[in-house]
Amino acid sequence: MYLKIKNLNKIFEQRKGVQNINLQVEEGELITLLGPSGCGKTTLLNLIGGFLSPDSGAILVENEDIVKLSPEDRPISTVFQNYALFPHMNVIENIGYGLKYTSLKKKEQLDEAIKYLKIVGLEGYEKIAIQNLSGGQQQRVALARALVLKPKILLLDEPFSNLDVKLKVNMREELKYLQKKLKITMIFVTHDQEEALSISDKIVVMKDGEIVQIGSPEEIYYSPANDYVADFIGKINIFYKNNKKFMIRPEEIQMVFSKEGEWVIDSKEFLGSSSLFYLKSKLNSETLISQVFERKSSEFLVGDTVEIEILKKTY
Ligand code: ATP
C-alpha cells in the first residue's frame with residue numbers, strides 16, 4: 001500500500017479536528033476528500049503534508065512513517081486554493097523554485113522547469129509576470145511548481161474553487177489526464193460533489209472530523225452508507241413503505257401518463273440537458289423528484305397526472 005493512514009487523530013479545542021482516520025491509497029490513485037465546510041478535509045490534508053502534527057496515529061508512505069518529518073522532507077507537494085505563487089518572480093522562476101534546493105545544476109533546473117511548463121500547456125509564458133496571468137494560468141503554474149519536484153504524492157486543496165465553471169471543468173479534465181500520464185498519486189480536497197464524482201478513483205466522504213464512507217464514485221452514488229452520504233451526493237428521494245425506507249435517485253423515477261395515477265406534477269425545473277419534475281401525491285403529503293432528459297421532458301406539463309415507475313432503488 002502506497003499511503004497508509006492509521007488511527008490518526010488531531011483534536012483542536014471543542015472536539016473539532018479529525019479523529020479515527022484510517023485510509024489506504026494505492027499508487028497512482030486519485031482520491032478525493034469530500035464533505036461540507038468544517039468536516040476536517042483541510043486538517044487531514046495538512047496532517048499528510050506535514051503542516052500540522054497529529055495527537056496520535058501514523059502516516060506511512062511506502063511503509064515509512066513520515067509523521068516526524070518536516071513538510072520539505074516529505075515526498076509530498078501541495079497545491080493550495082489561493083495558488084500561493086511568488087508574486088515577484090516570473091512564471092519559469094516560480095516553476096523552478098523548489099529545484100534550487102536539489103542537487104540539480106542550474107541548466108538542469110531550467111530544463112526541468114521548461115519540461116513542466118510545457119506539460120501544463122504554458123509554453124511561451126516563461127518570462128511573464130505572475131500578476132499578468134489569469135486565474136486558470138496561475139493555477140497551472142502552481143501545478144507545474146508542485147509537479148516539477150516529482151513528489152510521490154500531490155495534495156490539492158480545493159485548487160479550482162476560484163475559477164469559473166467552464167474553466168473549472170477544463171482544469172479537472174486536464175488534471176485527470178496529467179494524473180494518468182505521470183502516474184501520480186493525488187489527494188484532492190473539495191466540497192463540490194459533482195467535482196468529486198467526475199475526477200475521483202475513490203471518494204472519502206467526511207463528517208464532523210470522521211470518515212463516513214470510502215468508495216468509488218459509483219458506490220458512493222448508488223450505495224451510500226447512510227442518509228448523510230445519500231443526501232450530500234446529489235438529489236435523492238427518501239420515502240417509507242411497509243416500515244421500510246427507500247432511497248431513489250431522481251433519474252431512476254420515470255413518469256408515465258395515467259389519468260388514475262397517484263402523482264401530480266407540481267413544478268418543473270429546467271437544467272439544460274435534463275429537467276427535474278417535482279411530484280405531489282394525491283393520497284398523502286408525499287413528494288418525489290423525477291429527472292427526465294430534456295428531449296422527453298417536453299412531453300410533460302405542470303398539472304399532468306402521472307404514475308411512476310422505479311427503475312432502480314439506491315438503497
Ligand atoms: P472548509 O471546506 O471550510 O475548508 P474543512 O472540511 O477543510 O472545511 P477544516 O478546516 O479541516 O475543515 O476544519 C475542521 C474543524 O476543525 C473545523 O470545525 C475548524 O473550525 C476546526 N479547526 C481547524 N483548524 C483549527 C485550528 N487551528 N484551531 C482550532 N480549530 C481548528
Side-chain angles (χ1 to χ4, degrees), residues 3-25 29-59 66-71 74 76-85 135 138-139 142-143 146 153-165 167-169 171-172 175 185-200 202-215 217 220-221 224-234:
L3 170 70
K4 196 167 183 173
I5 298 179
K6 290 203 283 197
N7 302 323
L8 197 68
N9 292 284
K10 174 74 184 178
I11 302 295
F12 304 111
E13 67 262 32
Q14 296 173 329
R15 302 179 52 77
K16 300 264 175 68
V18 295
Q19 45 192 324
N20 239 336
I21 302 293
N22 285 286
L23 179 62
Q24 302 193 348
V25 184
E29 242 181 354
L30 194 165
I31 73 148
T32 300
L33 308 180
L34 176 70
S37 183
C39 73
K41 306 179 294 291
T42 301
T43 302
L44 179 53
L45 207 71
N46 285 338
L47 286 165
I48 301 169
F51 306 107
L52 278 175
S53 49
D55 301 335
S56 59
I59 303 173
I66 59 163
V67 158
K68 296 264 164 2
L69 300 182
S70 62
R74 296 187 183 202
I76 295 174
S77 292
T78 307
V79 174
F80 298 97
Q81 185 174 7
N82 59 3
Y83 321 141
L85 296 171
Q138 290 191 26
Q139 195 52 295
L143 199 57
I153 299 171
L154 183 67
L155 309 177
L156 302 113
D157 193 358
E158 308 226 13
F160 308 141
S161 60
N162 295 336
L163 306 179
D164 67 58
V165 176
L167 191 54
K168 195 184 206 174
V169 173
M171 289 293 289
R172 249 185 232 165
L175 182 74
T185 307
M186 293 189 184
I187 303 182
F188 188 100
V189 162
T190 185
H191 61 265
D192 179 338
Q193 41 106 0
E194 188 190 289
E195 185 159 83
L197 290 172
S198 71
I199 65 164
S200 315
K202 211 153 79 184
I203 298 177
V204 177
V205 185
M206 296 181 67
K207 182 193 181 199
D208 299 336
E210 292 191 82
I211 293 175
V212 278
Q213 187 172 8
I214 302 176
I220 299 279
Y221 190 77
N226 53 35
D227 293 9
Y228 170 83
V229 178
D231 201 35
F232 191 71
I233 309 280

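These figures come from a predicted structure and were not determined experimentally. All values below were derived from every heavy atom in this structure, side-chain atoms included, with hydrogens, water molecules and symmetry-related copies excluded. In listed order, ligands and their atoms are each counted from 1.
Interface atoms of ligand 1 facing Glu158, defined by a heavy-atom separation under 4.0 Å, are 2 (O). Listed by atom number, the atoms of ligand 1 under 4.0 Å from Glu13 heavy atoms are 29 (C). Taking every non-hydrogen atom of Gly17 and a distance limit under 4.0 Å, the qualifying atoms of ligand 1 come out as 15 (C), 16 (O).
For atom 3 (O) of ligand 1, the closest heavy atom belonging to the protein is Ser37 OG, 2.6 Å. Nearest to atom 27 (N) of ligand 1 among the protein's heavy atoms is Phe12 CE2, 3.7 Å. Nearest to atom 13 (O) of ligand 1 among the protein's heavy atoms is Thr43 OG1, 3.7 Å. From the protein, the heavy atom lying nearest to atom 12 (O) of ligand 1 is Gly40 N, 3.3 Å. Looking only at protein heavy atoms, the nearest one to atom 20 (O) of ligand 1 is Lys16 CD, 4.6 Å. At the top of the distance list for atom 15 (C) of ligand 1, counting protein heavy atoms only, stands Gly38 O, 3.6 Å.
By the 4.5 Å heavy-atom criterion applied to side chains, Leu154 and Leu143 are counted as neighbours. In this structure, the side chains of Lys168 and Asp192 come closer than 4.5 Å at one or more pairs of heavy atoms. Two residues are said to be in side-chain contact when any heavy atoms from C-beta on lie closer than 4.5 Å; Leu47 and Ile5 fail this criterion.
Nearest heavy atom pair, residue Leu8 against residue Ala58, reads CD1-N, 4.1 Å. Minimum heavy-atom separation, Phe188 to Pro159: CE1-CG, 3.5 Å. Taking both residues in full, the closest heavy atoms of Glu158 and Gln81 are given as O-CG, 3.4 Å, listed atom of the first, atom of the second, then distance. Between Gly50 and Pro71, the shortest heavy-atom distance links the atoms O-CG, 3.3 Å.
Counting heavy atoms closer than 4.0 Å to ligand 1, residue Lys41 contributes atoms from both its backbone and its side chain.
Heavy atoms of Pro36 approach ligand 1 to within less than 4.0 angstrom.
Here the CD atom belonging to Gln213 is positioned 14.0 Å from the CE atom belonging to Met206, to the nearest 0.5 angstrom.
With Ile11, Leu33, Thr42 as candidates, the residue nearest to atom 10 (O) of ligand 1 on a non-hydrogen basis is Thr42.
Atom 17 (C) of ligand 1 is flagged as protein-proximal [any protein heavy atom, distance under 4.0 Å].
A side-chain donor from one of Asn7 and Asn22 sits under 3.5 Å from a side-chain acceptor of the other.
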